[in-house]
Amino acid sequence: MNFHYQYKKQFQQALVQWFIREKRDLPWRHTHDPYKIWVSEVMLQQTRVDTVIPYYNRFIEEFPTPEDLAQAPEEKLLKQWEGLGYYSRARNLQAGVREVVEKYSSTVPDNRPEIIKLKGVGPYTAGAILSIAYNKAEHAVDGNVMRVLSRVLLIKEDIALPKTKKIFEQAVMELIDPAYPSEFNQGLMELGALICTPTSPKCLLCPVREFCTAFQEGRPEELPIKTKKTKMKDLFYDVFVVQNEKKKFLLEKRPGKGLLANMWQFPMVEKSTTPSEGFLADSYNVDLVSRERLLSFKHIFSHLTWNMESYYLKVEQNGKPTESSVWFTEEEIKALPLPVPMQKIWAAWKETEAKHKHA
DNA sequence: AAGTCGGGGCA
DNA sequence: TGCCCAGACTT
């Protein structure tokens, strides 16, 4: 791409000055600590600012330095991340931070070749940390930047294709303001978040309107082009809050890889196999004492849906506990990282329990 | 290049 | 409902 010198300079100035004037007051904008910028960028991956803010504040309070995070047990880490989603981000962040502590004496690298090798740090996050924390002129292309630049530069390539991102990275490297790399990159993202939104962009308030090809041609809301299809699978489960005669509850730890890795859940049985309760009773050597219906709901993930029906079962042990069975008290469950669908079921159990006590 | 990986907000 | 969100990793 060939930009005229004056176009480039004026675009940079309009964007940077607008950002300095209009930027939101966000917690991670009160620091230049590359570790804290790193934490914020990982949390912000595919996640809205308003969602991240409370998580970021609690996380930094709990793990103020790379050493604090490096030493943390995984269960404590996941508990901090509980509800934020994409839990491998947390594990990868800790792995990356441990690399920094061990190989780089706790100093986050300030160059792309080294920083991009860290676990969980991809092309975007590398550029974000380098530009925001170290003020380096590096590209940081996320969904916002692709949307903004596809409109400003009228780029009609399909942003669902991985190779398309290179076009935007090159464009940023040619357009970026060498005097204000941090403000330039953040300005593009802030513009995408506040003005150049996916639907009904506020072009009349846009600081770079006069540089925007799509605005001049009249149809900015039709960009970017994205062709993608999501085929969702439906899964059906019975979930059991199982309480024994000692008032303890049965929970399972999910496998270390895959969906909700290493998170805890109440026993789940995929439906339409055998009768779920019988399967459960046999698996854990328990006799059913009573059964109460709890809650039915859908939980929608990116690529699949869990159709849940939950029950409260009181049981008595009729043999030795199986290896996979772990019994917890109500108090102990508070420390376990539970995915949101399990939190919903646990909340439903607490409600019925409170109702019983009152009656 | 396509699939996997959470959860919530909004038209 | 479908799409999007300060994406990275695996295959």
Side-chain angles (χ1 to χ4, degrees), chain A residues 19 23-24 26-29 37-56 78 81-93 95-96 115-133 139-148 158-166 168-169 172 182 185-194 196-201 221 224-233 254-263 297-306 337-344:
Chain A
F19 175 73
K23 65 181 178 182
R24 291 168 289 178
L26 303 174
W28 44 90
R29 288 182 175 164
I37 301 296
W38 185 0
V39 170
S40 74
E41 290 301 337
V42 172
M43 286 186 170
L44 286 162
Q45 288 167 10
Q46 299 293 288
T47 311
R48 290 188 152 70
V49 165
D50 291 337
T51 305
V52 167
I53 289 173
Y55 282 90
Y56 172 84
L78 286 177
W81 211 269
E82 179 187 83
L84 196 52
Y86 286 145
Y87 298 95
S88 61
R89 287 186 298 175
R91 267 187 300 278
N92 290 338
L93 172 61
I115 200 173
I116 204 168
K117 289 181 187 165
L118 299 172
K119 206 71 168 181
V121 178
Y124 164 76
T125 304
I129 297 171
L130 292 174
S131 61
I132 297 172
H139 59 76
V141 174
D142 68 340
N144 283 315
V145 173
M146 287 197 283
R147 184 173 58 257
V148 169
D158 180 5
I159 67 166
L161 301 177
K163 64 174 183 181
T164 303
K165 196 164 67 170
K166 292 175 185 162
F168 291 94
E169 290 172 348
V172 170
S182 171
N185 280 342
Q186 291 189 78
L188 284 178
M189 293 187 271
E190 195 81 343
L191 200 58
L194 300 181
C196 198
T197 46
T199 58
S200 44
E221 66 280 352
I225 305 293
K226 186 172 185 178
T227 70
K228 198 150 198 187
K229 359 190 170 296
T230 53
K231 42 183 172 185
M232 299 261 296
K233 275 189 268 184
R254 293 179 61 85
K257 298 200 171 192
L259 185 66
L260 303 171
N262 284 347
M263 304 284 283
F297 61 98
K298 286 178 185 250
H299 186 79
I300 300 171
F301 296 92
S302 317
H303 56 294
L304 56 88
T305 300
W306 279 1
L338 301 179
V340 166
M342 294 301 151
Q343 293 182 42
K344 286 184 185 169

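Residue numbers begin at 1 in each chain, while the letters A, B, ... track the order of the sequences.
- Side-chain contact of Q45(A) with Y124(A): a donor-acceptor pair under 3.5 Å is absent, judged by distance alone.
- Nearest-nucleotide assignment on DNA chain C puts the 5′-proximal partner with L44(A), out of V121(A) and L44(A).
- Dashed line: the shortest gap from a side-chain N or O of H303(A) to OP1 or OP2 of dG3(B) is not under 4.0 Å.
- Using C1' as the reference atom, dG9(B) and dA8(C) are 23 Å apart when rounded to the nearest Å.
- With a 6.0 Å radius and a threshold of 12 heavy atoms from other residues, nucleotides or ligands, K344(A) has its NZ atom above the threshold.
- Nucleotides dA6(C) and dG3(B) place their P atoms 24 Å apart, quoted to the nearest Å.
- At least one side-chain nitrogen or oxygen of Q46(A) sits closer than 4.0 Å to the OP1 or OP2 atom of dG7(C).
- Going from atom OG1 of T197(A) over to atom CZ of R147(A) covers 7.0 Å, rounded to the nearest 0.5 Å.
- Listed candidates were dG7(C), dG8(B), dC4(C). Nearest to the side chain of K226(A) is dC4(C).
- For the OP1/OP2 pair of dC5(C) and a distance below 4.0 Å, the side-chain nitrogens and oxygens of R147(A) include at least one atom meeting the criterion.
- No donor-acceptor contact under 3.5 Å links the side chain of T47(A) to the base of dG7(C).
- Here Y124(A) lies in heavy-atom contact (under 4.0 Å) with a base.
- In this structure, Q45(A) places its CD atom 18 Å from P of dG8(B), rounding to the nearest Å.
- Contact annotation for W306(A): no contact, since no heavy-atom pair falls under 4.0 Å across all strands.
- Nearest-nucleotide mapping onto DNA chain B: of K233(A) and L338(A), the residue sitting toward the 5' end is K233(A).
- With contacts defined as side-chain heavy-atom distances shorter than 4.5 Å, the pair I300(A)/M232(A) qualifies.
- Each of L26(A) and G120(A) was matched to the nucleotide of DNA chain C holding its nearest heavy atom; the match closer to the 5' end belongs to L26(A).
- At a threshold of 4.0 angstrom between heavy atoms, the contacts of G192(A) with the nucleic acid are absent.
- Residue-level contact check: T125(A) touches the backbone only, with heavy atoms under 4.0 Å from sugar-phosphate atoms and none from bases.
- Within the 4.0 angstrom heavy-atom criterion, only backbone atoms of the sugar-phosphate kind lie near P341(A); the bases stay farther away.
- Comparing dG7(B), dG6(B), dA6(C) against the side chain of P339(A) picks out dG7(B) as the nearest.
- Comparing dG8(B) with dC9(C), their C1' atoms are spaced 23 Å from each other, to the whole Å.
- Here R91(A) lies out of heavy-atom contact (under 4.0 Å) with every strand.
- An OP1 or OP2 oxygen of dA6(C) is reached within less than 4.0 angstrom by a side-chain nitrogen or oxygen of N144(A).
- A heavy-atom distance below 4.5 Å is not found between the side chains of K23(A) and Q186(A).
- At a threshold of 4.0 angstrom between heavy atoms, the contacts of N92(A) are confined to the sugar-phosphate backbone, with no base atom among them.
- Summarising the geometry, the separation between CG on L93(A) and P on dG7(C) is reported as 16 Å, rounded to the nearest angstrom.
- Atom pair L118(A):CG and dA8(C):C1' shows a separation of 13 Å (rounding to whole Å applied).
- Per the geometry, CZ belonging to R89(A) stands 10 Å off P belonging to dG7(B), to the nearest Å.
- Summarising the geometry, the separation between CD on Q343(A) and P on dG6(B) is reported as 14 Å, rounded to the nearest angstrom.
- At whole-Å resolution of the value, CE in M43(A) and P in dG6(B) are 15 Å apart.
- Proximity of L259(A) to R254(A): side-chain heavy atoms (C-beta onward) are separated by under 4.5 Å at one or more points.
- A residue-by-residue look at S200(A) and F301(A) shows that F301(A) has its nearest nucleotide of DNA chain B further toward the 5' end.
- The base of dG8(B) has none of its N or O atoms less than 3.5 Å from a complementary donor or acceptor on the side chain of T51(A).
- Between Y86(A) and dT4(B) there is no side-chain N or O to OP1 or OP2 distance below 4.0 Å.
- Between the side chains of Q46(A) and R89(A), not a single donor N or O lies within less than 3.5 Å of an accepting N or O.
- Residue L84(A) is classed as a base contact, given a heavy-atom separation below 4.0 Å to a base.
- The side chain of K119(A) sits closest to dT10(C) out of dG7(B), dT10(C), dA11(B).
- For H299(A) and F297(A), the gap between ring centers reaches or exceeds 6.0 Å.
- Residue R254(A) is out of contact with every strand shown, counting any heavy-atom pair closer than 4.0 Å.
- Residue H299(A) has no polar side-chain atom (N or O) positioned under 4.0 Å from OP1 or OP2 of dG6(B).
- Distance from the side chain of L260(A) is smallest for dG7(B) among the nucleotides dG7(B), dC9(C), dG7(C).
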